[in-house]
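See structure below.
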Amino acid sequence: MPNVLITGANRGLGLEFARQYLASGWQVYAGCRQPSSASMLRRLADTNDGTLRIMALDVTDEASIKAAAAQLDGQSIDLLLNNAGVMGARGQTIGNMDYEVWAKVLDANTMGPMRVSEAFVDQVARSERKLIVTLTSGMGSLADNTSGGSIAYRSSKAAVNMVMRSLSIDLAPLGITCVVVNPGWVQTDMGGTQATMSSAESVTKLRNLIETLGPAQPGANGNSF
């Protein structure tokens, strides 16, 4: 049975990833900051006989990440899915920047995936599939930025693209494939109700893409739907 570790699994895309991988027969390790309040995730766990394990995992808290990694010491993780992320305050543009908020967005969206990847690299390396997949955004693209604004969020996603590009090179000797994927504009708390895709549609497409990934995959592949 393949294993997946999903960060930010208590809602939105993370929760949908958990649902779909469970339905496909995977062992799911679902990380979230506060398992006690993750009601939808807990209901999902109640309907699956031990194949969903909820774990306390805050991507901005190194101690939390290390504790989660210790719980899975000796395990293998076929797919590490860096899904957790934050939008930050809206309206972040010149003349209206909150630098403390910006730092928090970078902490969660850029350094968070790096912390998690670093902490779980041994588990991924001992698996069969050896995949690290990080959700990025079209808003992190330099070429596609034609509207400006959202400086904190855009910069955090542009930065994580570079982080994962470097990891794709650094981890290649371990046989680990490391890529970024763009889920598109999705109807989540972050994407809003006007978005063009449901979580189920986006995750289905992403899972189909992930199934094609392997050692020959170019690093930091920003696929979009």
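No hydrogens, no waters, no symmetry mates; every other heavy atom, side chains included, goes into these values. Numbering of residues begins at 1 and proceeds along the displayed sequence.
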- Task: Working to the nearest 0.5 Å, report the span between OG of Ser156 and CG of Leu106.
- Result: 6.0 Å

- How about Thr47 and Arg43: do any of their side-chain heavy atoms sit closer than 4.5 Å? no

- To the nearest 0.5 Å, how far apart are CG in Leu57 and CD1 in Ile6? 12.0 Å

- Arg90 (side chain) donor-acceptor with Ser150 (main chain) under 3.5 angstrom: no

- With sequence neighbours excluded, tell me which residues meet salt bridge (charged side-chain N to carboxylate O under 4.0 Å, His left out) with Asp170. none

- Message: Working note: Asp144 + Arg154, criterion salt bridge (charged side-chain N to carboxylate O under 4.0 Å, His left out); need CA distance, chi angles, decisive distance, verdict.
- Response: CA-CA 11 Å; Asp144 287 349; Arg154 287 185 186 277; over 6 Å; no

- Does Met1 reach the side chain of Gln27, with side-chain heavy atoms less than 4.5 Å apart? yes

- Message: Tell me the closest heavy-atom pair linking Met114 and Val163, and the distance in Å.
- Response: SD-CG1, 3.9 Å

- Task: Keeping the roles fixed (side chain from Ser37, backbone from Gln34), state whether a donor-acceptor pair exists under 3.5 Å.
- Result: yes

- Query: Are Ile132 and Ile169 co-members of a hydrophobic cluster defined by side-chain heavy atoms under 4.5 Å apart?
  - Reply: no

- Judged by atom type as modelled, is there a donor-acceptor pair below 3.5 Å linking the side chain of Thr212 to the main-chain atoms of Leu209? yes

- Query: Nearest heavy-atom pair of Leu167 and Cys178: which atoms, and what distance?
  - Reply: CB-SG, 3.7 Å

- Which of these passes side-chain contact (heavy atoms from CB on, under 4.5 Å) with Arg19: Leu44, Val203, Leu52? Leu44

- Query: Using 4.0 Å as the upper bound for N to carboxylate O, is an ion pair formed by Arg115 and Asp58?
  - Reply: no

- Query: Under 4.5 Å between any side-chain heavy atoms of Leu206 and Val133, yes or no?
  - Reply: no

- Using modelled atom types only, decide if a donor and an acceptor are shared between the side chain of Lys205 and the backbone of Pro183 within a distance under 3.5 Å. no

- Please confirm whether the backbone N or O of Ser137 pairs with a side-chain atom of Asn182, one donor and one acceptor, at under 3.5 Å? no

- Side-chain contact, heavy-atom cut-off 4.5 Å: Asn109 with Val86? yes

- Query: Minimum heavy-atom separation for Leu41 to Ala30, with atom names?
  - Reply: CD2-CB, 3.8 Å

- Message: Is it the case that the side chains of Thr60 and Asp107 hold a donor-acceptor pair, with the cut-off being a distance below 3.5 Å and no angle test?
- Response: no

- Minimal heavy-atom distance between Ala108 and Val59, with the atoms involved, is O-CG2, 3.9 Å

- Query: Looking at Ile77, Asp78, Leu79, which hits side-chain contact (heavy atoms from CB on, under 4.5 Å) with Ser127?
  - Reply: Asp78

- Side-chain heavy-atom pair Glu211, Arg129 within 4.5 angstrom cut-off: yes

- For Arg11, look at atom CZ and say whether over 12 heavy atoms of other residues, nucleotides or ligands are found less than 6.0 Å away. no

- Message: A quick test of your reading: do over 12 heavy atoms of other residues, nucleotides or ligands sit less than 6.0 Å from CG of Asp46?
- Response: yes

- Is any side-chain heavy atom of Met97 less than 4.5 Å from a side-chain heavy atom of Ile151? yes

- Side chains of Met164 and Thr136: does their closest heavy-atom pair fall under 4.5 Å? no

- Message: Looking at Glu118, I'd like to know if its CD atom is crowded, meaning that more than 12 non-hydrogen atoms belonging to other residues, nucleotides or ligands lie closer than 6.0 Å.
- Response: no

- Query: So, Asn82 and Ser117: side-chain donor and acceptor under 3.5 Å apart, yes or no?
  - Reply: yes

- Looking only at heavy atoms, the pair that brings Gln20 and Ala200 closest together is NE2-O, 3.2 Å

- Donor-acceptor contact below 3.5 Å, side chain Asp98 vs main chain Val101: yes

- Note on the structure: Note: Pro35 and Ile54 closest approach over all heavy atoms is CB-CG2, 3.7 Å

- Query: Under 4.5 Å between any side-chain heavy atoms of Thr204 and Asn208, yes or no?
  - Reply: yes

- Keeping the roles fixed (side chain from Ser24, backbone from Tyr21), state whether a donor-acceptor pair exists under 3.5 Å. no

- Message: Tell me whether Val116 shares a hydrophobic cluster with Leu174, the cluster being built from Ile, Leu, Val, Met, Phe, Trp, Tyr side chains joined at under 4.5 Å.
- Response: yes

